[in-house]
2 protein chains.
Amino acid sequence: MDFNQQLKHKIEIIDKNLDNMLPPADTYPPVIHEAMRYSVFSGGKRLRPVLLISAYELFDEHVDDCMPLACAIEFIHTYSLIHDDLPAMDDDDTRRGKATCHKVFGEGIAVLTGDALLNHAFEVMLDDIARNPHHIAAAIAIAKAAGIGGMIGGQVMDLLYENKPVDDGVLQYIHQHKTAALICAAVKAGALAAGADEVYVRAIEQYGLALGMAFQISDDILDVDEGGKEEVKATYPALYGIEASIKAAQEFTQHAIDAIAVFGQKGTFLKEMASYMMRRSN
Amino acid sequence: MDFNQQLKHKIEIIDKNLDNMLPPADTYPPVIHEAMRYSVFSGGKRLRPVLLISAYELFDEHVDDCMPLACAIEFIHTYSLIHDDLPAMDDDDTRRGKATCHKVFGEGIAVLTGDALLNHAFEVMLDDIARNPHHIAAAIAIAKAAGIGGMIGGQVMDLLYENKPVDDGVLQYIHQHKTAALICAAVKAGALAAGADEVYVRAIEQYGLALGMAFQISDDILDVDEGGKEEVKATYPALYGIEASIKAAQEFTQHAIDAIAVFGQKGTFLKEMASYMMRRSN
């Protein structure tokens, strides 16, 4: 299988697991389960779960065992988008060409849908730990990356600096926390759940951080190309211009690829993921 | 020590632990840590953590061991109030005589502060499980009670039936899920963490559910007495009148007390908590 076929195959398995790990759409009470599924199945590219299971596969072929962790990280990513799109935050009416959760279900239900998905992610992980106690380190890595020392910290700074000029320090903080932390946690959790040696976990972590930075920069470049919002935003293109941003994204991508040279042939898929993510957004 | 002294003593220990388990107020990034502390330390009566450690004490005297679980449940309760107060939900400007989180810090930060506290609750519980793997069942009980099959489910129904008449079935669903589930999880988690036998866990669970119902009804009665909001709300007083509501609260309280008769003298504090909670709100 070539890269695209492998990726497609992984996404299919993930989608099936996401479906199984959510209560059915007609579960009582009404609306919220529909809303959870609407947001989870609205065209996400499953980058984080793909990264998690691909890192896991470097060390253990029984990829089914890491599916709860992979789905949990996608639930967390989805909740963060729902809350980020709220009028009080980014105030977005559409995402990936579809109406955002609060536009379809109302703001109150959107707040609760985000809460529900975040809580559900931890329900899934705790059930998983009850069966696989050695997954605790992976769950902790995901929890920390999602929290105030990770993604939420980045979102706070993003919100505080909305329409305000940022310096390089703030920009790096936002990118590292808002985006790179959870992407890094995906591969780190995969390696940890598979029981990888510390030296390999560190290599994977380097890969994840560089990949996360490259991805955020590429995403911002794409946003400019597509004539995205005009507000002053904490982005590489806004601060350094397009050309320097493209160069930075390429450098981070190369750094990511170099970081997993240690895995040789086995690391091919993750290397190709790095190139793929630089070409795609969100 | 009489009941009030015991309660005060427990609350002091809980407040100290809540303080220790939150990052300092001046942690980077600014504002969010201030907002988390503002909401956690805004006059909450710590009913859920008090219940958790009191149930734990029935079976194990080393109450320090259950402090992470006790604090986690208070973080979850606090996050739920912050989101519940948002304009898109109950739209409350004050709580316990203080401005609500979104009135002080803005709506965007309030959404993120709730998210941060929910995530932090699970960070604290996962760190605890890493040290005490046998706490996993307690953490799962809390997670389920907080989630879509518990508190969030109740909030969804509360929101859907805002300003609409409810029947008894919907009212019971809302009370059991929105309020009783987390109160029940508090005592159940305490018993589970202390390794209580199943028959005792069941007794405690009966106590918690009845207590939660009594508490919600008492709270609604108090709200009427104080001339609370006039909207049609899913409450016992609105559906059955004050007198029948007082009787129902008393019956649930008695049911709670009866459920823990099996613990004899040791259960005195929890019995007194039931009477105390019927006299207090929120």
Side-chain angles (χ1 to χ4, degrees), chain A residues 23 27-33 35-36 76 79-80 83-84 86-90 102 106-123 125-127 129-130 133 136-137 139-140 142-144 146-157 159-160 162 170 173 177, chain B residues 23 27-33 35-36 76 79-80 83-84 86-90 102 106-123 125-127 129-130 133 136-137 139-140 142-144 146-157 159-160 162 170 173 177:
Chain A
T27 308
Y28 195 84
V31 180
I32 186 90
H33 292 282
M36 288 166 78
I76 290 173
Y79 116 78
S80 77
H83 281 187
D84 213 38
L86 286 169
M89 306 279 287
D90 272 3
H102 68 273
E107 239 183 284
I109 291 293
V111 170
L112 291 172
T113 304
D115 295 347
L117 284 169
L118 176 57
N119 200 91
H120 194 66
F122 285 108
E123 288 180 60
M125 286 196 281
L126 287 168
D127 284 341
I129 293 167
I136 181 74
I140 289 176
I142 291 170
K144 305 267 179 226
I148 192 61
M151 185 177 70
I152 295 175
Q155 285 172 314
V156 169
M157 288 300 283
L159 188 64
L160 293 179
E162 215 179 8
V170 169
Y173 180 92
H177 290 76
Chain B
T27 308
Y28 196 84
V31 182
I32 186 89
H33 291 282
M36 288 165 79
I76 290 173
Y79 116 77
S80 77
H83 282 187
D84 213 38
L86 286 169
M89 307 277 288
D90 272 3
H102 68 274
E107 240 182 282
I109 291 293
V111 171
L112 291 172
T113 303
D115 295 346
L117 284 169
L118 176 57
N119 200 91
H120 194 64
F122 285 108
E123 289 179 60
M125 287 196 282
L126 288 168
D127 284 342
I129 292 166
I136 181 74
I140 288 176
I142 292 171
K144 305 268 180 226
I148 191 61
M151 186 177 70
I152 295 175
Q155 286 172 313
V156 168
M157 289 299 283
L159 188 63
L160 293 180
E162 216 179 7
V170 170
Y173 181 92
H177 290 76

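Computation of the quantities below employed the complete heavy-atom set of this structure, encompassing side-chain atoms and omitting hydrogens, waters and symmetry-equivalent molecules. Throughout, a chain's letter reflects where its sequence line sits, starting with A, and its residues are numbered from 1. Quantities reported herein were computed from a predicted structural model and do not represent experimental measurements.
- Looking at B:P133, neither its backbone nor its side chain comes within 4.5 Å of chain A, counting heavy atoms on both sides.
- Here the shortest heavy-atom pairing between A:L159 and B:G108 reads CD2-C, 3.6 Å.
- Heavy atoms of B:I148 lying under 4.5 Å from chain A belong to its backbone as well as its side chain.
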For residues 113-122 of chain A, which side-chain N or O atoms pair as donor and acceptor with protein atoms under 3.5 Å away, sequence neighbours left out?
| unit_1 | atom_1 | unit_2 | atom_2 | d |
| --- | --- | --- | --- | --- |
| A:T113 | OG1 | A:I109 | O | 2.6 |
| A:D115 | OD1 | B:H83 | ND1 | 3.0 |
| A:D115 | OD2 | B:H83 | ND1 | 2.8 |
| A:N119 | ND2 | A:E123 | OE2 | 2.9 |
| A:N119 | ND2 | B:A143 | O | 2.9 |
| A:H120 | NE2 | A:M21 | O | 2.5 |

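- Taking both residues in full, the closest heavy atoms of B:G153 and A:P29 are given as O-CG, 3.7 Å, listed atom of the first, atom of the second, then distance.
- Contacts of A:H102 with chain B are absent, with no heavy-atom separation under 4.5 Å from either backbone or side chain.
- For the atom pair CE of A:M157 and CD1 of B:I32, the computed distance is 12.0 Å after rounding to the nearest 0.5 Å.
- For the atom pair CG (A:L112) and CE (B:M89), the distance works out to 3.5 Å, reported to the nearest 0.5 Å.
- Counting heavy-atom pairs closer than 4.5 Å to chain A, the top-ranked of the candidates B:I76, B:L86, B:V156 is B:V156.
- When heavy atoms are compared at a cutoff of 4.5 Å, B:M36 approaches chain A solely by way of its side chain, counted from C-beta outward.
- Using a 4.5 Å heavy-atom cutoff, the side chains of B:L126 and A:I129 are in contact.
- Across all their heavy atoms, B:P30 and A:L160 have their closest contact at O-CD1, 4.0 Å.
- By number of non-hydrogen pairs under 4.5 angstrom with chain B, the leading residue of A:V31, A:I142, A:D127 is A:D127.
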